[in-house]
Student: 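Shown below is the structure under consideration.
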Amino acid sequence: MGYSTVSARGSIDFVDGKSVSYYAEPYGRPSGTIANRSVVVINGEVSDPSGVVWFQLQGLGFINSMYVKLTGPISISNEG
């Protein structure tokens, strides 16, 4: 999986009144939950060979990008 350093902001886009899990590493065990509509800072991105993208949330862990709605421009620096 390729990791990129990212600088972006977003909000959790899940189900009203619910929380979604985040993980210590992509496809790992859940390490916590974050409430829908929470504002997050994204500082990393990992994509797997099948095209699934995971965002690294600052201070939390990784979350599938389909649960994050970007609220501003994203800056990416590829590191392999």
Side-chain angles (χ1 to χ4, degrees):
M1 288 192 269
Y3 182 84
S4 300
T5 300
V6 172
S7 177
R9 294 190 180 275
S11 63
I12 300 301
D13 185 17
F14 190 52
V15 176
D16 283 340
K18 300 289 184 184
S19 296
V20 63
S21 295
Y22 58 87
Y23 303 82
E25 61 187 46
Y27 300 111
R29 296 178 69 91
S31 55
T33 60
I34 187 167
N36 188 50
R37 297 190 182 179
S38 294
V39 175
V40 294
V41 175
I42 302 157
N43 60 6
E45 177 184 285
V46 174
S47 55
D48 73 13
S50 64
V52 176
V53 175
W54 293 78
F55 286 148
Q56 185 174 22
L57 305 179
Q58 183 175 308
L60 297 175
F62 289 89
I63 190 169
N64 191 305
S65 66
M66 73 178 179
Y67 299 124
V68 179
K69 183 178 195 177
L70 296 176
T71 57
I74 186 167
S75 172
I76 301 173
S77 172
N78 289 326
E79 295 179 9

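We use all heavy atoms of the structure for the numbers below, so side chains are in, but hydrogens, waters and symmetry mates are not.
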Student: Working to the nearest 0.5 angstrom, can you tell me the gap between Ser38 OG and Phe14 CZ?
Tutor: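 It comes to 12.0 Å.
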
Student: Could you list the residues that satisfy side-chain hydrogen bond (donor to acceptor under 3.5 Å, both in side chains) with Arg37, not counting sequence neighbours?
Tutor: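 Here the qualifying residues are Asp16.
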
Student: Does OH in Tyr67 sit with more than 12 non-hydrogen atoms of other residues, nucleotides or ligands closer than 6.0 Å?
Tutor: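 No.
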
Student: According to a hydrophobic-cluster definition based on side-chain heavy atoms being under 4.5 Å apart (Ile, Leu, Val, Met, Phe, Trp, Tyr only), do Leu70 and Val40 belong together?
Tutor: yes

Student: Show the numbers, then the answer: is there a side chain to side chain contact (heavy atoms under 4.5 Å, CB included) between Val39 and Thr71?
Tutor: CA-CA 9 Å; Val39 175; Thr71 57; 5.9 Å; no

Student: Could you note down all residue pairs passing salt bridge (charged side-chain N to carboxylate O under 4.0 Å, His left out) where residues 51-60 supplies at least one of them, sequence neighbours left out?
Tutor: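 Applying salt bridge (charged side-chain N to carboxylate O under 4.0 Å, His left out) to every pair that reaches into residues 51-60, excluding sequence neighbours, yields nothing.
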
Student: Can you tell me how far apart CZ (Arg9) and CD1 (Ile42) are? Round to the nearest 0.5 Å.
Tutor: 10.0 Å

Student: For Tyr23, enumerate each residue passing the ring-ring contact (aromatic ring centres under 6.0 Å, His included) test, keeping only those at least two apart in sequence or located in another chain.
Tutor: Trp54

Student: Under a 4.5 Å side-chain heavy-atom rule over Ile, Leu, Val, Met, Phe, Trp and Tyr, are Val41 and Ile63 clustered together?
Tutor: no

Student: Taking all non-hydrogen atoms of both residues, which atom of Gly10 and which atom of Val68 are closest, and how far apart?
Tutor: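 So the two residues come closest at CA-CG1, 4.4 Å.
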
Student: Return yes if some donor-acceptor pair links the side-chain N/O of Ser65 with the main-chain N/O of Val53 below 3.5 Å, else return no.
Tutor: yes

Student: Got a second to check how far Ser21's OG is from Leu60's CG, nearest 0.5 Å?
Tutor: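 Taking OG in Ser21 and CG in Leu60, the distance rounds to 12.0 Å.
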
Student: Please check if the side chain of Asn36 supplies one atom and the backbone of Lys18 the other of a donor-acceptor pair under 3.5 Å.
Tutor: no

Student: Rounded at 0.5 Å granularity, tell me how far CZ in Phe62 sits from CD in Gln56.
Tutor: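 Reported to 0.5 Å precision, the distance equals 4.0 Å.
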
Student: Between Ala35 and Ile12, what is the shortest heavy-atom contact and its length?
Tutor: O-CB, 3.6 Å

Student: What distance do Gln58 atom CD and Ser7 atom OG have between them, rounded to the nearest 0.5 Å?
Tutor: 9.0 Å

